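Below is one structure; the comments refer to it alone.
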Protein chains: 4
Amino acid sequence: MSLNKVLLIGNLGRDPEVRYMPNGEAVCNFSIATSETWNDRNGQRQERTEWHNITMYRRLAEIAGQYLRKGSQVYIEGRIQSRKYQGKDGIERTAYDIVANEMKMLGSRSGGSSAEYGDGGQAGAYQQAPQQGAYQQAPAYSQEAPAAPPAAPRRQAPAAPAAPVDDIDDDIPF
Amino acid sequence: MSLNKVLLIGNLGRDPEVRYMPNGEAVCNFSIATSETWNDRNGQRQERTEWHNITMYRRLAEIAGQYLRKGSQVYIEGRIQSRKYQGKDGIERTAYDIVANEMKMLGSRSGGSSAEYGDGGQAGAYQQAPQQGAYQQAPAYSQEAPAAPPAAPRRQAPAAPAAPVDDIDDDIPF
Amino acid sequence: MSLNKVLLIGNLGRDPEVRYMPNGEAVCNFSIATSETWNDRNGQRQERTEWHNITMYRRLAEIAGQYLRKGSQVYIEGRIQSRKYQGKDGIERTAYDIVANEMKMLGSRSGGSSAEYGDGGQAGAYQQAPQQGAYQQAPAYSQEAPAAPPAAPRRQAPAAPAAPVDDIDDDIPF
Amino acid sequence: MSLNKVLLIGNLGRDPEVRYMPNGEAVCNFSIATSETWNDRNGQRQERTEWHNITMYRRLAEIAGQYLRKGSQVYIEGRIQSRKYQGKDGIERTAYDIVANEMKMLGSRSGGSSAEYGDGGQAGAYQQAPQQGAYQQAPAYSQEAPAAPPAAPRRQAPAAPAAPVDDIDDDIPF
DNA sequence: TTTT
DNA sequence: TTTT
């Protein structure tokens, strides 16, 4: 028996990217930052930011692509999974992803958005609709745009390590 | 936004009890013990056991009823949920249940059984089959008995604090 | 071996209450609400709020008493622990508390406060200072008031179940 | 605010390695395997094993070095942390470690060992002693060998990806 | 009521 | 490299 569980709350460094597998299933990639701060021995404030590559499949991927944006704060639950890839320099490397099985959108800059997906609290029947401001509630599976739809998600094939995002610091809105 | 998540590993105090809702959905109840030990200020070994009421619905309930037994060690993930009930003395009390959305069977005394259910690691598609000794693997949804089937689960109306559904006793379809 | 772990994010229903044990150790009690929402079979939005009694000891208790207020959003990590008590009607009941071992203050209405206590990320050495708005950072153990100190915490002996808080719905700021 | 929390249960692939920082603090490295299994679309049993690099500091490092061995089953709680290192080929790579803040020894093949360390359930006061078979209980901080002491931990400089401290080899104080 |  |  084993357990491989990760719980993250962080903010997206960029808009999520949604692609589709040959069989039509959606895959969504983005990365989120978590940061820890502490006082060192000299009483100096220290901060360290960690970037986590998130991967979602199917319904969760589509919801993320539809509702998450750069800067969004999100709760992610999933597992750690390594992945080999060929770098631009032709050298094999290993990337680590968090494969998500649950997501909750937290209050982003645009307001008190909150939603839950995944296994839900009530077994399969429970699917909490995304809420953004005064949006009407829509079922989580719905593809209809909410009253004030977000911009279309970017759909592209991301470079191998889904998000090294180390060059965007001055763009990050938090 | 809020989070209400519980992770438990413990042993069943009794066999699980499975009942059926009027709509045919299964409900499973059992309790598991967790214990913590520590040394007090006098270096004396101290132990404290906590009992947790677990409630499962639908597929998870059926799997639990089929494979768990008194003494089984189990990993449970779920949420805390309170429930009012009328005690035998006619006085209202509040019970706390863990409503499970995931379960992993750990090695019990009877062997290295291990299985996972719930959201799974691979989105909905992932359903780990129960394994007991050299059992063949069966899909998690399967109702067929494994090669060496466990005794039939007890099906009864438990006393109040263990019973989340108190209005369906005479609806049980068998 | 067993595991008894609870992760909560919710809002305080009232100001925390801090008391002191005969040995001088602080104890802090408050309750936080978590809520889940879902669409029922008729597409109607449903919501359910759960109240969790939180108990903290020692340093964590003092920090909570100093920085948390009614409405504060907080991340709590701890374990479930039952407790017998004598109700006002003289009848014994069982209450369930979450005994916290870690806390992070999330953004409350008053701004982007964020802090972490408990085991920290860096073993015992890691103690993240409370930040409120533009407060200077102070060590977590510090008892000094921050630049803009919150009102003194209420110190009293709470009634037995630390917070049934079922009568304050229209006061809750979220 | 952010959250970066990992919960793992797995088995050590090798004995843990303990080294000491120039300041005398212990660092322990090992890796544990988690595996997930599922049935693919053809009903074929699939398995995937993931290896996690674990890093511990100070007291936790010493306890791990003393009690864990190849094959030991362990519960680890910590956070994900990336780390740059120079590979043997001179190329920079990124490794991911789980920096542990809590550990529980689960039953290994050699018997029902069980112990808990870290923040404990009772704030700092709670330190569960390691138990191995009929060992007497000793405080977690104790350096004394238990009645039937395990073999001395290996102390060496591991290859890059498993080594978080790569500049202290000649500083080890023994 | 379990388990170590 | 572990374990089931």
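Predicted model only: the values in this text are computed from it and were never measured. Each chain gets a letter, A, B and so on, in the order its sequence line appears, and its residues count up from 1.
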**OP:** Please evaluate the base of E:dT4 for a donor-acceptor partner in the side chain of B:Thr37 within a cut-off of under 3.5 Å?
**Re:** no

Subject >> Aro-ring/base stack D:Trp51-F:dT2, d under 5.5 Å, angle under 30° >> reply: no

Original post:
Ignoring hydrogens and geometry, is there a side-chain-to-backbone donor-acceptor pair from B:Ser72 to B:Leu12 under 3.5 Å?
Top reply: no

**OP:** Scan D:Leu12 against the nucleic acid and name what it touches under 4.0 Å (heavy atoms): base, sugar-phosphate only, or nothing.
**Re:** sugar-phosphate

Subject >> Rounded distance (Å) that lies between atom C1' of E:dT3 and atom CD1 of B:Ile32 >> reply: 11 Å

Subject >> Atom pair distance, as rounded to whole Å: CD in D:Glu17 and C1' in F:dT1 >> reply: 11 Å

Original post:
Over how many whole Å does the gap from B:Leu106 atom CG to F:dT4 atom C1' extend?
Top reply: 12 Å

Original post:
Do you see a donor-acceptor pair shorter than 3.5 Å between the side chains of D:Arg79 and D:Gln81?
Top reply: yes

**OP:** Considering only NZ, NE, NH1 and NH2 on the basic side and carboxylate oxygens on the acidic side, decide whether B:Arg48 and B:Glu50 come within less than 4.0 Å.
**Re:** yes

Original post:
In whole angstrom, what separates D:Asn53's CG from F:dT1's P?
Top reply: 15 Å

Original post:
E:dT1 C1' sits how many Å from B:Arg14 CZ, rounded?
Top reply: 6 Å

**OP:** Under the side-chain contact (heavy atoms from CB on, under 4.5 Å) rule, collect the residues that match up with B:Thr94, sequence neighbours excluded.
**Re:** B:Ser82, B:Lys84, B:Tyr96

Original post:
Checking A:Asn4 side chain against A:Ile80 main chain: does a donor-acceptor pair fall under 3.5 Å?
Top reply: yes

**OP:** Among the candidates F:dT1, F:dT2, E:dT3, find the nucleotide nearest to the side-chain atoms of B:Ser35.
**Re:** E:dT3

**OP:** Under the side-chain contact (heavy atoms from CB on, under 4.5 Å) rule, collect the residues that match up with D:Ala26, sequence neighbours excluded.
**Re:** D:Val18, D:Tyr20, D:Ala61, D:Glu62

Original post:
In dot-bracket, 5' to 3', how would DNA chain E read with Watson-Crick or G-U wobble pairs under 3.5 Å, [ ] for crossing ones and | for pairs to another strand?
Top reply: ....

